[in-house]
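Every heavy atom of this structure was used, including side-chain atoms; hydrogens, water molecules and symmetry mates were not. Each ligand, and each atom within it, is numbered from 1 in the order the structure gives.
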Amino acid sequence: MLQKPRGTRDFLPEEMESRREVERRMREVARTWGYREICTPEFEELELFTIRSGEGIIQEMYVFEDKGGRKLALRPELTAPVLRMYVNEGRTLSKPLRWFYFADCFRYERPQKGRYRQFWQFGVELIGADSALAEAEVIMLANEILSVSGITFSLHVGHLSFMRTLLGELEPEDQKKARMFLDKKDRRGLEDYLSSRGHAGLSERLVALADCRDLNEVFAITGESQDMERIADLFRILDQSNIRYTLNPGIARGLDYYTGMVFEAFAEGLGAENQVLGGGAYRLAHLFGGEDTPSCGFAVGFDRVMVARGEHDLPGRVAIGVAFTPEGREWALAAAKEFRNAGIVTMLDLSGKSLGQQISHISRTADYALIIGSRERDERCVTLKDLRTGTQKELSLFDAVSEVSGGDPR
Ligand code: HAM
């Protein structure tokens, strides 16, 4: 038997229905904040991702050459594609641009619970706004999107400026490495690496910084910086908006394009892969041939949200099955149309077996059976059987539709 590729999943109807419901709620929130949906290609020129995405992502990419000899990659994320699209198509649009996407991404990672090789992101990008309020908007939107998904999570907000001040004394390559250790929360690795590079004392200060939960403590370690007032304002807005968050100067983010505010969210009950959202302020447009454009955004790990929700049965929709004899077929087709027009899930029997066998089959998947024979056809009525109670009534088509419409969902 052939199997699906490692790290991918099949979704049965129940799971798809829950996924679509959560997706619908997220879209709805994004729309009410003025964000509009966009779509980019599933694969892009490889270079788009090698320019500034960072070592981690580059190593995990699905790369291939097409028949024309072009080097392409399946998208491992959407921020770079969206900014490429902005430079290609959106430069003349009035800013700020508020865009969102729901799309699959591909990363060649070791699969485990919450970590897949094909996974979905619900993300937003706010392009062309540069202020504490713009950053706060993106964080508040993230908070609302995660809230409507029905999971318990904690939001951690940091700023790269804090770390940058401490890392300033290092070579750029060492800074990158140090950020990688911090992102992976590998304090031992950080200490060993910095000692081997002759900066033994630095790891202690970095760890102390990462442990700070108060802005004054942070500034006591980093000293004053130019963007201090703006950073303080961002946290002031978050406090005023009453969202719950933790100040976390230890957030380093695994991608290389972030320039300022960075944030992540963690959900309960997910084990090691508990990061359900990541984002921050970044600049990419100038690297893709556009003007330097301040941008800010985040992506929700949609599959992790679904794992964190666990088994959440959504209320099913009322469904009806139509059993009919050959003489009743035409009237059955007409009746089915009426039910569907009223928004009721209606399935015709396809077996052509006896009415008794049809009804018994319908009782496995529906709440009602509509029974139509030559008598119902002649009298232009239907027999409606409530399969949950066993009661059966002869009704006009109109009354049958009203009865089922008013019925309790399963
Ligand atoms: P990221 O942190 O690499 O950021 O990914 C965002 C989220 O996608 C993660 O927090 C995680 O929940 C989910 N995720 C990542 N890898 C996997 C995987 N293998 N399986 C399941 N879920 C996964 C970005 O991609 C940035 N583009 C976010 C962003 C948007 N920054 C600014 N704008």
Listed partners of T50 passing side-chain hydrogen bond (donor to acceptor under 3.5 Å, both in side chains), at least two apart: none
Under 4.0 Å from ligand 1, counting heavy atoms only: the protein residues, by chain and number: E77, T79, Y101, R107, E109, G114, R115, Y116, F119, Q121, E125, R253, L255, Y257, Y258, Q275, V276, L277, G278, G279, Y282, G297, F298, A299, G301, R304
Other residues, nucleotides, ligands: >12 heavy atoms within 6.0 Å of E204 CD: no
Distance under 6.0 Å and angle within 45° of ring axis: R388 vs Y368: yes
Aromatic plane relationship, F102 with F122 - under 30° parallel, 30 to 60° tilted, over 60° perpendicular: tilted
ring-ring contact (aromatic ring centres under 6.0 Å, His included) contacts in which one or both residues fall within residues 123-146, not counting sequence neighbours: none
Of all pairs that satisfy side chain to side chain donor-acceptor pair (under 3.5 Å), the ones with a partner from residues 329-347, not counting sequence neighbours: none
